[in-house]
Amino acid sequence: MSTPETPKASEERAARTSVFTGEALARLEVDAKDIISRYPKERSALLPLLHLVQSEEGYVSVDGIAFCADQLGITTAEVTAVATFYTMYKRRPVGDYHVGVCTNTLCAVMGGDEIFSSLKEHLGVGNDETTEDGKVTLEHLECNAACDFAPVVMVNWEFFDDQTPESARRLVDDLRLGNDVTPTRGANSVCTWKQASRVLAGIDDGRATEGVQASGPSLAGLELARQRGWQAPDPADLPAAAPATEDGAK
Amino acid sequence: MTTLTPILSKNWDRPDSFTLAAYREDGGYQALRTALGMEPDAIVDLVKASGLRGRGGAGFPTGMKWGFLPKDNPNPRYLVVNADESEPGTCKDMPLLLANPHALVEGIAIASYAIKSRNAFVYVRGEVLHVIRRLRHAVAEAYEAGLLGTDILGSGFDLDVVVHSGAGAYICGEETALLDSLEGYRGQPRLKPPFPAVAGLYASPTVVNNVESIASVPSIVANGADWFTSMGTEKSAGFGFFSLSGHVTRPGQYEAPLGVTLRELLDMAGGVRNGHRLKFWTPGGSSTPIFTDAHLDTPLDFESVGAAGSMLGTRALQIFDETTSVVRAVRGWIEFYAHESCGKCTPCREGNFWMAQVLRRIEAGKGTEEDVAKLLDICDNLLGRSFCALGDGATSPVTSAIKYFREEFIAGTHTPAWELFPYQRTTRWSSESVEEDA
Ligand SMILES: Cc1cc2nc3c(=O)[nH]c(=O)nc-3n(C[C@H](O)[C@H](O)[C@H](O)COP(=O)(O)O)c2cc1C
Ligand code: SF4
Ligand code: FES
C-alpha cells in the first residue's frame with residue numbers, strides 16, 4: 001500500500017547524498033520496513049522513523065530527515081514540519097546521557113528548581129547544552145508523570161525518583177566517569193541515548209523484565225489497605241443497592 | 001468512612017506482577033473469555049449499565065461513547081488508548097502500566113471485541129522508556145499465548161495491537177491531536193464535529209479512551225455492573241486512582257471509590273508533611289481550578305467537585321502547604337501552557353505567552369497595579385474562545401488562584417514571592433529543618 005512519490009519528492013531525493021549509505025542504510029531500511037508494516041497507513045510510521053534516525057546519529061539530522069522522507073515517499077519539508085513540532089527530536093547531537101530535570105510546578109516546589117540550577121553550575125552548561133566531553137546533555141522537563149516521586153530526574157527517559165541536589169550531582173558524575181547507575185524504576189542500568197531512541201522506534205532490547213514492578217509511593221495505598229484489611233467489595237456479597245440504570249451514567 | 005479498594009493495584013506488591021503468569025494467577029484473562037462468549041452489544045450495554053465514566057479527565061460515559069459508533073459506516077473501526085499522561089500532577093497510568101500492563105491489554109481485547117475493532121493502538125508518551133518496554137512485553141506475551149492476534153481463544157475474533165511512542169507534546173493527549181500525531185502529522189487538534197466516533201483515525205470510526213478507563217473494563221465484565229455501582233456515587237460510579245503528591249507525608253497512589261474526600265485521603269497518607277498545614281491543592285491536575293482547606297470535605301466525584309467550582313479531572317491531587325507561594329505555582333503552570341500551546345489559535349498562543357510574562361513580573365515583585373486585571377482580562381479572552389480545552393484549562397489556575405489568594409498577587413507589586421515565601425522551605429529535604437526549628 002505504497003503512497004506514490006510526488007515529483008517534488010523524487011527530485012529532492014536525486015539531489016541528495018546521504019550519510020545513510022551502504023551497510024548502515026541497508027540495515028536501517030530493514031528496520032524501517034518492519035516498522036512501517038505495523039501500520040494500516042505508512043505515514044503513521046513517521047514518529048517511530050524519526051526515533052529510528054535519532055538512534056543512529058543521536059539527533060535528527062538533515063540526512064535523517066531525508067531517510068524518513070525516502071521511506072515514506074513524502075517531502076523533506078513534510079518531515080521537517082513534523083520533526084520540529086516534537087520536543088523529543090533533537091536538532092543538535094545529544095550526549096550519551098540526556099539528563100532531564102522536571103521543573104513543572106510540583107517538582108519545582110519540591111526541589112526540582114534547586115536541582116536544575118545545581119546541575120547547571122556543576123556541569124557548567126545551560127539548558128539544552130552538552131558537556132565538553134560529550135557525555136551529558138542537560139534539559140529541564142515538564143511533568144513526567146511521576147509527581148508522587150518528586151523531585152524527579154530522568155536519564156535517557158529512565159526514572160530517577162526522589163532526587164536531591166547532592167544525589168543528582170553524584171548521578172551526573174557517575175555518568176561522566178562511566179560508572180553504572182541504576183534507575184529507581186527501570187532497567188538494571190541506563191542504556192545510551194541512541195539505544196533508548198531505538199526502543200522508542202519500536203525495536204525491543206529485551207530488557208522489559210528488568211527492575212522493580214513498583215516501589216514506594218506506587219504501593220502506598222495498597223500497603224495501607226493490606227494493613228487495615230480493606231478490599232474491594234466481594235461480588236458475591238453486595239449490599240442490596242438500587243439497581244443501576246442507564247441514565248445513572250449521565 | 002470510605003476505605004480503599006485496590007483493584008487495578010491489587011497485585012502490585014508481587015515482584016512479577018507485570019508478567020502474564022502472575023496476572024493469570026490472579027484470575028487475569030478470565031473476563032476476556034467471558035466477554036468472547038457474549039454478544040458485542042451486550043458488553044457495550046454492560047459498560048453503560050456500570051456507569052463507568054472516562055478516567056482521562058472529562059468523565060464522558062464510556063459505554064455511551066462506544067455506542068456512538070455508526071452502525072452503517074463501512075470503514076474499519078479503531079480503538080485508540082490514550083497513554084499520553086502529561087497533565088501536570090497526573091501520575092497514575094504510568095505506574096499502572098509498569099506494574100500491571102496486562103490489565104490494559106485484557107481491557108483492549110474486550111473493548112475491541114465490543115466495538116468490533118480489529119486494530120487497536122496505544123499511544124504512550126515517549127518520555128517513559130521502561131513503561132514502553134513493559135507494555136510492549138505484555139503485548140508480545142499476549143500474542144504468544146493466543147490472547148491477541150488471530151482467532152483469539154478459538155473465538156474467531158482477530159485483533160492486532162500496536163504500541164506507539166509519542167515524542168514529547170502535551171497537546172497530543174487531546175484526543176484529536178493524538179489522532180493527527182498517530183497518523184504521522186504535527187499534533188494539532190481537529191475541529192469537532194465530526195467526533196472521532198464518526199471520523200477518527202484515518203477518517204474512520206474510532207473510540208479514544210484513557211488507559212485507566214480501558215483497564216477497568218475487565219473488572220466490570222468479571223464482577224458485574226452492580227459490583228461496580230456498589231462503589232462510588234450514583235452519578236460517579238466505581239473506583240479510581242487518587243494520586244497524592246507534594247507536601248504530604250506518604251504521597252502515592254490510593255485506589256478508592258469516587259466520592260472519597262481529601263480529608264479522608266490525607267488521613268490515610270499521614271497528613272500534610274510534618275508541622276505544616278494545607279494551603280491549596282488541585283483536585284484533578286493543573287487544568288482544574290485550585291481548591292483550599294475549605295474544600296477538604298468536598299466529595300471527589302464529578303458532580304460535587306463541579307458544584308464546588310472545579311473539576312474532578314484526573315484525580316491528580318497536588319498538595320501545597322503554607323510555605324508555598326501560589327504566584328510561583330501558577331507561574332510554573334502557565335509557563336507550561338505557553339510552552340505546550342500548539343500555536344493553532346491566537347487566544348491560546350498569545351494569551352499564555354503574555355500571562356507568563358505578567359506572572360514572572362509579579363513573582364519578582366515588579367508587578368503593576370493593573371496586572372491582576374490584565375490577567376483576568378486575558379483569561380476572559382481565552383476561556384471559551386480557544387480552539388481546544390488546553391486554552392480553557394490554562395485559565396483555571398490563574399482565575400482560581402486570584403479568587404482565593406488575590407492579596408498574594410497584589411503583594412507582587414512590591415515584594416518578590418521568594419521573599420514572602422522563601423523557596424528553600426518548600427523542598428522535600430527542608431522538612432527536617434522545619435522540625436528542628438519547631
Ligand atoms: C490538552 C489536553 C490534554 C489531554 N491529555 C490527556 C492524556 O494525557 N490522557 C488522557 O487519557 N486524556 C487526555 N485528555 C483528554 C482526551 O482528550 C480524551 O478526553 C480522553 O482520552 C478520553 O478518554 P476517556 O473518556 O476514557 O477519559 C487531554 C485533553 C486535553 C484537552
Ligand atoms: S487552544 Fe492552544 S493548544 Fe488548543 S488548538 Fe488553540 S493554540 Fe492549540
Ligand atoms: S511535576 Fe514533576 S513529575 Fe509531575
Side-chain angles (χ1 to χ4, degrees), chain A residues 38 40-41 43-47 51 81-82 85-89 104-106 108-111 114 142-148 150-151 154 156-158 164 185-187 196 199-200 204 207-209 211 213-214 217-222 224-225 230 232-233 235 238-239 241 244 246 248-249, chain B residues 3-7 9 12-13 15 17-18 48-49 51 61 85 88-91 94-95 98-99 126-127 129-130 133-134 136-137 162 165 167-169 182-184 186 202 223-227 229-230 234 243 245-246 250-255 268 318 324 329 332-333 336 426-429:
Chain A
R38 298 172 192 174
K41 298 221 158 118
R43 169 113 193 204
S44 281
L46 181 51
L47 267 61
H51 285 302
V82 173
F85 184 82
Y86 296 94
T87 54
M88 286 177 75
Y89 301 128
N104 201 295
T105 292
L106 194 283
V109 163
M110 298 303 285
E114 264 184 69
E142 298 300 352
C143 177
N144 220 86
C147 324
D148 46 347
M154 307 296 294
N156 292 346
W157 307 119
E158 294 266 31
T164 63
R185 291 174 296 144
V199 175
L200 297 176
D204 290 333
R207 305 188 68 177
T209 59
Q213 83 291 358
S218 300
L219 296 171
L222 181 62
L224 185 75
W230 291 341
L238 293 177
E246 276 189 33
Chain B
T3 59
L4 296 175
T5 51
I7 294 159
S9 63
W12 289 11
D13 54 356
S17 65
F18 55 86
K48 277 185 188 162
E85 188 157 75
T90 310
C91 50
M94 296 305 117
L98 208 54
E127 304 97 325
L129 192 64
H130 211 54
R133 288 194 185 109
R134 282 272 161 86
R136 290 180 53 85
H137 180 256
V162 175
S165 307
L182 184 52
E183 290 183 5
R186 299 160 73 93
Y202 313 129
N223 302 315
D226 290 347
W227 170 81
T229 57
S230 76
E234 194 195 333
S243 310
S245 63
R250 282 186 297 280
Q253 306 303 320
Y254 294 81
E255 209 177 355
M268 298 178 197
Q318 306 176 87
T324 316
W333 285 322
F336 164 79
T426 65
T427 62
R428 168 166 92 83
W429 49 87

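Below, chain A is the first sequence line, B the second, and so on; all start at residue 1.
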Of B/Ala99, B/Gly332, B/Gly184, B/Gly246, the largest count of non-hydrogen pairs under 4.5 angstrom with chain A goes to B/Gly184

With sequence neighbours left out, the residues meeting ring-ring contact (aromatic ring centres under 6.0 Å, His included) with B/Phe336 are B/Tyr170

Requested in this report: Decide, yes or no, whether a salt bridge links B/Arg133 with A/Glu158 under the criterion of side-chain N to carboxylate O below 4.0 Å.
Outcome: yes

Review point. Has the side chain of B/Arg186 got a donor or acceptor atom that lies under 3.5 Å from a matching backbone atom of A/Ala81?
Key: yes

Honestly, the part of B/Arg134 sitting under 4.5 Å from a heavy atom of chain A is both

Whatever's closer than 4.5 Å to a heavy atom in chain A on B/Ile7 counts as side chain

Cut-off 4.5 Å, heavy atoms of chain B, and the answer for A/Asn144 is both

Chain A shares the most heavy-atom pairs under 4.5 Å, among B/Ala169, B/Gly224, B/Pro95, B/Gly126, with B/Gly126

Discussion item. When you measure from the side chain of A/Gln213 to the backbone of B/Phe18, do you find a donor-acceptor pair of N or O atoms at a distance under 3.5 Å?
Written reply: no

Checked A/Gly186, A/Ala196, A/Gly211, A/Ala214 vs chain B; the most non-hydrogen pairs under 4.5 Å come from A/Gly186

| query | If we ignore angles and hydrogens, is there a donor and acceptor under 3.5 Å between the side chains of B/Glu183 and A/Ser44? | reply | no

If one checks every heavy atom of B/Glu255 against chain A at 4.5 Å, the contacting part turns out to be neither

key: Polar side-chain atom of A/Tyr89 near backbone of B/Gly168 as donor-acceptor pair, under 3.5 Å   = no

Legend entry - Exam field: side chain B/Gln253 to backbone B/Cys91, donor-acceptor pair closer than 3.5 Å: yes

Residues at least two apart in sequence or cross-chain that pass side-chain contact (heavy atoms from CB on, under 4.5 Å) with B/Pro251, listed by chain then number, are A/Asp148, B/Val248

Cut-off 4.5 Å, heavy atoms of chain B, and the answer for A/Leu106 is both

When the 4.5 angstrom heavy-atom criterion is applied to B/Thr324 and chain A, the contacting part is side chain

When the 4.5 angstrom heavy-atom criterion is applied to B/Met94 and chain A, the contacting part is side chain

_Under the criterion side-chain contact (heavy atoms from CB on, under 4.5 Å), I'd like the reasoning laid out for B/Trp333 against A/Asn104: C-alpha separation, chi angles, the key distance, then a yes or no._
CA-CA 7 Å; B/Trp333 285 322; A/Asn104 201 295; 3.4 Å; yes

Chain B shares the most heavy-atom pairs under 4.5 Å, among A/Ala146, A/Ala187, A/Ala108, with A/Ala187

Whatever's closer than 4.5 Å to a heavy atom in chain B on A/Met110 counts as both

Whatever's closer than 4.5 Å to a heavy atom in chain B on A/Leu219 counts as side chain

Of the listed A/Val82, A/Thr105, A/Thr164, A/Val199, the one with the largest count of heavy-atom pairs under 4.5 Å with chain B is A/Thr105

